[in-house]
Amino acid sequence: MKKINKYIAPKNYFFWILISVIIKTLIVSFFILQSHHLTPDRMVSKIVVKQNDYYMFLGPVDTYFASGTMSLHGGVPFAGRMPGYSFPYLLLGSIFNPHIALVLLVLMQILLDAISVYILARIALILLKQEKYFYITFFLFAISAYTSIFDIFTLSESFSVSAFIFYLYFLFKAFVSNTKINLILSGFFLAWAIFLRPFLGLSIVVIPLLIFLHYFKEQNFKIAFIHAALFIISFGIFETAWIARNYKALHEFVPLETPLSESYEKYGSYRPSAIAIRQMICTWGGESGEFYDNSDAWWFHYAKGSEINRYQFSPSVFRADFNKDSLLRLKTLFNEGADNTISDAKKDSFNLLAEQTAIRFKESYSQENKFRVYFITPFIRIQKLIFSNPSLLMPLPKFSEMKIYEKLIKLFYVGLYFIVVLGGIFGAIIMFLKRVYKTQWIILISIPLIIVFTIIFNSTFVIENRYFLCGYPVCILFLMYLLSVISNQKKTHEIS
């Protein structure tokens, strides 16, 4: 029995990482087989699913290998995406051919995801100091497909979740052991997470401040300042290099990314008129992603013929100074702005008129509906971010076409997601009511708040559930806190 206990002890990292690798491999193998069946045209080298955003994240690297310039189109240097995802691919592509580099990138994503399962369980052990929460956290996160599905995609999500978990682990280890190297490693992984998902950028201000306050409370100003500085040194180095590269390539100061309207094709889906229409739709809480069928944005981009009149906007959209006919005129201007049969001068004119019209409609709606714009719409966007279907990107057929086992898998993972998220939110509320103000828990709760604040109040974002991925492991930890509170209350009741 002692030998068995030795093998399953939390400190036996080799055993637990091996278990995690096996579980994650089984999960991603199922999704790879499904992808081969449903989207064979997107498969690369058997295990890689090339997503639509591939050309934004990794396309510039392919261009670099072909021409020597990190560009997307027309040879113009590209800074529309931060290099947190493209840089590992660049390193791998410098040694191997593109197909092998993509395979190795996906294998790295699977491996880091598996390791992060163990690391998250160790965080639960650090916070709650009971092994049972290590085991629950481990298996809860190991079987999660909400994060694992991204392991086979050419998107930055998988690395960002892993980097985020590593950042938390080394930070909490630094608090426990008071070692500076853990602080530096924590800052490194947060910097990488930001370079993968720039909407986490506000955390490089909030977290160092919390670190400073933590050490200032326990020691003094000098030590607090040094520890905060050590934490942000990695981000400072990365950011300096990125700014220098952009200034040399673009002759302008670009600390994060160039605006969407400047980063992609001049008359494509991100031209200024398209962004203005997206922001207008966000104002009333409509679906601003043109890639969602039968959405408000889809109507502007793609609706044709009978689809134009058949599509119904919410009646609350229309105002005294514009109705559906007004939106139809805006759609006509917008579509003319992408018509390749006319001159660029005419397209520029149509796009400018479309942009000005969308801005005017947005301002008119905002003036007449302040309560909805500032209170109702943010809650609609929060619902889309956190409480929408987490299985949309899973390679599964339409529900009506699924086999029984596929339906059970989908329902299981959707149910698991909402149990974790709702339990985590409830745990965070309980922690607040109990006034548990330890630095570690405050840092944990700050991340979902930063994600929500950054995305909800930036109307250029198309809200997608995947943007909450880094908030999911935090929800698991708060769910563990809730279980610990319930367990302690049960023990107290039994004693009394």
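Counting all heavy atoms, side chain and backbone alike, S388 lies closest to N465 at OG-CB, 3.4 Å. Heavy-atom minimum distance, V474 versus P448: CG1-CG, 3.8 Å. Taking both residues in full, the closest heavy atoms of W242 and L256 are given as NE1-O, 2.7 Å, listed atom of the first, atom of the second, then distance. Here the closest non-hydrogen pair linking D113 and S148 is OD2-OG, 3.3 Å.
K362 and T283 form no side-chain donor-acceptor contact under 3.5 Å, judged by distance and modelled atom types alone. A donor and an acceptor atom, one from each side chain of N335 and K331, are located under 3.5 Å apart. Side-chain contact, N309 with K324: no donor N or O sits under 3.5 Å from an acceptor N or O.
In this structure, R271 forms a cation-pi arrangement with F334, its terminal cationic atom sitting closer than 6.0 Å to the ring centre and no more than 45° off the ring axis.
Here the rule is side chain to side chain contact (heavy atoms under 4.5 Å, CB included) with E307, and of W298, Y302, W299 only W298 fits it.
No more than 12 heavy-atom neighbours from other residues, nucleotides or ligands sit within 6.0 angstrom of OH on Y64. No more than 12 heavy atoms of other residues, nucleotides or ligands lie within 6.0 Å of OH in Y374, so this atom counts as exposed by the packing criterion. Within 6.0 Å of the CZ atom in F375, the count of heavy atoms belonging to other residues, nucleotides or ligands does not exceed 12.
With hydrogens and angles disregarded, a donor-acceptor distance shorter than 3.5 Å links the side chain of Y413 to the backbone of I143. The closest donor-acceptor contact from the side chain of N246 to the backbone of V254 lies under 3.5 Å. In terms of modelled atom types and a separation under 3.5 Å, the side chain of E257 and the main chain of M82 share a donor-acceptor contact. With S364 contributing its side chain and F361 its backbone, the two residues share no donor-acceptor pair below 3.5 Å.
The shortest side-chain heavy-atom distance between M70 and V61 falls under the 4.5 Å cut-off. Side-chain contact between F350 and D339: absent, with no pair of heavy atoms (C-beta onward) separated by less than 4.5 Å. Under the 4.5 Å side-chain criterion, counting only non-hydrogen atoms from C-beta, L102 is not in contact with V106. Considering only heavy atoms from C-beta on, L111 comes within 4.5 Å of V21 through its side chain.
The aromatic rings of F189 and W192 sit tilted relative to each other, their planes meeting at an angle between 30° and 60°. Note: Y311 and F313 have perpendicular aromatic rings, judged against thresholds of 30 and 60 degrees for the angle between ring planes. The aromatic rings of F141 and Y472 are tilted relative to each other, their planes meeting at an angle between 30° and 60°.
Using a 4.0 Å cut-off between a side-chain N of Lys or Arg and a carboxylate O of Asp or Glu, K50 and D62 do not qualify as a salt bridge.
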Residues F412, L408; criterion side chain to side chain contact (heavy atoms under 4.5 Å, CB included); working and verdict: CA-CA 6 Å; F412 172 76; L408 291 175; over 6 Å; no

